[in-house]
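Notes follow once the structure below has been shown.
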Amino acid sequence: RCAASLSQTINQVAASRQKHTLPDLTYDYGALEPYINAEIMQLHHSKHHATYVNNLNVAEEKYKEALAKGDVTTQVALQPALRFNGGGHINHTIFWTNLSPNGGGEPQGELMEAIKKDFGSFEKMKEKLSAASVAVQGSGWCWLGYEKDSGRLRIAACANQDPLQGTTGLIPLLGIDVWEHAYYLQYKNVRPDYVKAIWNVINWENVSERLQTAKK
């Protein structure tokens, strides 16, 4: 009876789970021009991110069924799809808020102080994050993250759609998407030009808010 009750509870929780949805942008697709053009933004958000959301929902539905059946083999087999599509959804949801048509410049206040403390200066942090972004082999992301234990800012690269916190423990503050779909239509294979341009639309207010939340 206990096992049956537990299974029923799991099924009820899974059934009541809200499906993931594509988040709306707070700006138009063309708002980040000339640094990121409208065509890239439209495809990136409405096609690529939407695909991660749809595939995550499918994988979670299959996982729910496998859980109900006690099918551990299928649960294990679904882990790569959950990691890839779940990571894609998490990463892009952060990425859109990290960007703003009113972005660029330098951060202020607590974030700027933390950057100076951990990197020496804003320019040094920018150089290191840019270099790490350009150096990512194949597809992936580069992040400015917060390490809770030490209270320090760290730079880390993640392959494919691996989510920063789920794979490194760092809390994501600022992410640079270096998958080719993020820049190829405009910058072709010249990733350094894209990385240089993206600093003009970084939403430092959002990054600062993320730091404040991470410290709580």
Side-chain angles (χ1 to χ4, degrees), residues 22-56 83-107 115 119 122-145 153-168 170 172-207 210:
L22 182 68
D24 292 330
L25 299 186
T26 58
Y27 43 84
D28 294 334
Y29 287 137
L32 304 182
E33 290 187 342
Y35 308 108
I36 304 176
N37 71 32
E39 185 181 14
I40 286 174
M41 288 298 296
Q42 190 267 328
L43 287 169
H44 199 174
H45 177 257
S46 71
K47 302 297 184 186
H48 289 282
H49 189 173
T51 298
Y52 297 126
V53 171
N54 293 336
N55 289 342
L56 176 59
R83 178 173 178 148
F84 183 75
N85 294 294
H89 181 39
I90 290 168
N91 294 340
H92 285 89
T93 299
I94 295 168
F95 184 60
W96 307 131
T97 65
N98 277 169
L99 305 177
S100 168
N102 301 313
E106 298 185 356
I115 287 171
F119 297 98
F122 173 71
E123 281 305 317
K124 285 181 181 176
M125 183 280 293
K126 188 176 170 181
E127 285 172 16
K128 286 186 177 181
L129 187 54
S130 294
S133 298
V134 172
V136 171
Q137 294 184 326
S139 301
W141 291 74
C142 202
W143 294 92
L144 178 67
L153 301 180
R154 304 281 188 198
I155 287 171
C158 293
N160 300 310
Q161 292 295 352
D162 285 359
L164 183 70
Q165 191 165 2
T167 55
T168 70
L170 297 175
L173 305 179
L174 169 63
I176 297 179
D177 185 352
V178 290
W179 277 67
E180 284 193 340
H181 65 232
Y183 62 87
Y184 200 87
L185 287 173
Q186 184 172 359
Y187 294 95
K188 301 301 185 272
N189 62 334
V190 190
R191 186 190 287 176
D193 286 356
Y194 157 71
V195 172
K196 183 179 179 181
I198 203 169
W199 292 101
N200 292 287
V201 288
I202 297 299
N203 182 354
W204 290 115
E205 285 185 18
N206 178 263
V207 181
R210 290 182 179 281

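Worth knowing before you read on, the calculation uses all heavy atoms, side chains too, and leaves out hydrogens, waters and symmetry mates.
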Can you give me the closest heavy-atom contact between [X] and [Y], atom names plus distance?
X	Y	result
Asn206	Asn98	OD1-ND2, 2.9 Å
Ala50	Leu22	N-CD1, 3.8 Å
Gly145	Leu170	CA-CB, 4.5 Å
Pro163	Gly87	CD-CA, 4.0 Å
Pro172	Ile94	CG-CD1, 3.6 Å

So, [X] side chain and [Y] main chain: donor-acceptor pair closer than 3.5 Å or not?
X	Y	value
Asn54	Thr51	no
Asn91	Gln161	yes
Asn37	Ile40	yes
Gln186	Pro34	yes
Glu33	Ala38	yes
Trp204	Gly105	yes
Arg191	Tyr183	no

Note, [X] side chain near [Y] side chain (heavy atom, < 4.5 Å):
X	Y	answer
Trp96	Thr26	no
Val207	Pro107	no
Thr97	Arg210	yes
Leu99	Tyr35	no
Asp177	His92	yes
Thr93	His49	yes
Leu25	Met41	yes
Asn55	Phe84	no

Start with the C-alpha distance between Tyr27 and Asn203, add both sets of side-chain angles, then the distance that settles side-chain contact (heavy atoms from CB on, under 4.5 Å), and finish with yes or no. CA-CA 12 Å; Tyr27 43 84; Asn203 182 354; over 6 Å; no

Looking at [atom1] of [X] and [atom2] of [Y], how far apart are the two atoms once the value is rounded to the nearest 0.5 Å?
X	Y	atom1	atom2	value
Tyr187	Glu180	OH	CD	14.5 Å
Leu129	Ile176	CG	CD1	4.0 Å
Glu127	Ile155	CD	CD1	10.5 Å
Asp162	Ser139	CG	OG	11.5 Å
Ser130	Met125	OG	CE	8.5 Å
Cys158	Leu164	SG	CG	5.0 Å

Look at atom [atom1] of [X] and say whether more than 12 heavy atoms of other residues, nucleotides or ligands are closer to it than 6.0 Å.
X	atom1	result
Glu205	CD	no
Arg83	CZ	no
Lys196	NZ	no

Ring pair (Phe, Tyr, Trp, His ring centres under 6.0 Å) with Phe95: of Trp179, Tyr52, Trp141, only one passes, and it is Trp141

I would like to know whether Trp143 and Leu174 meet side-chain contact (heavy atoms from CB on, under 4.5 Å); could you show each step before the answer? CA-CA 6 Å; Trp143 294 92; Leu174 169 63; 5.8 Å; no

Quiz question: by atom type and distance under 3.5 Å, do the side chains of Thr168 and Arg154 form a donor-acceptor pair?
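Absent: no donor and acceptor within the cut-off.
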
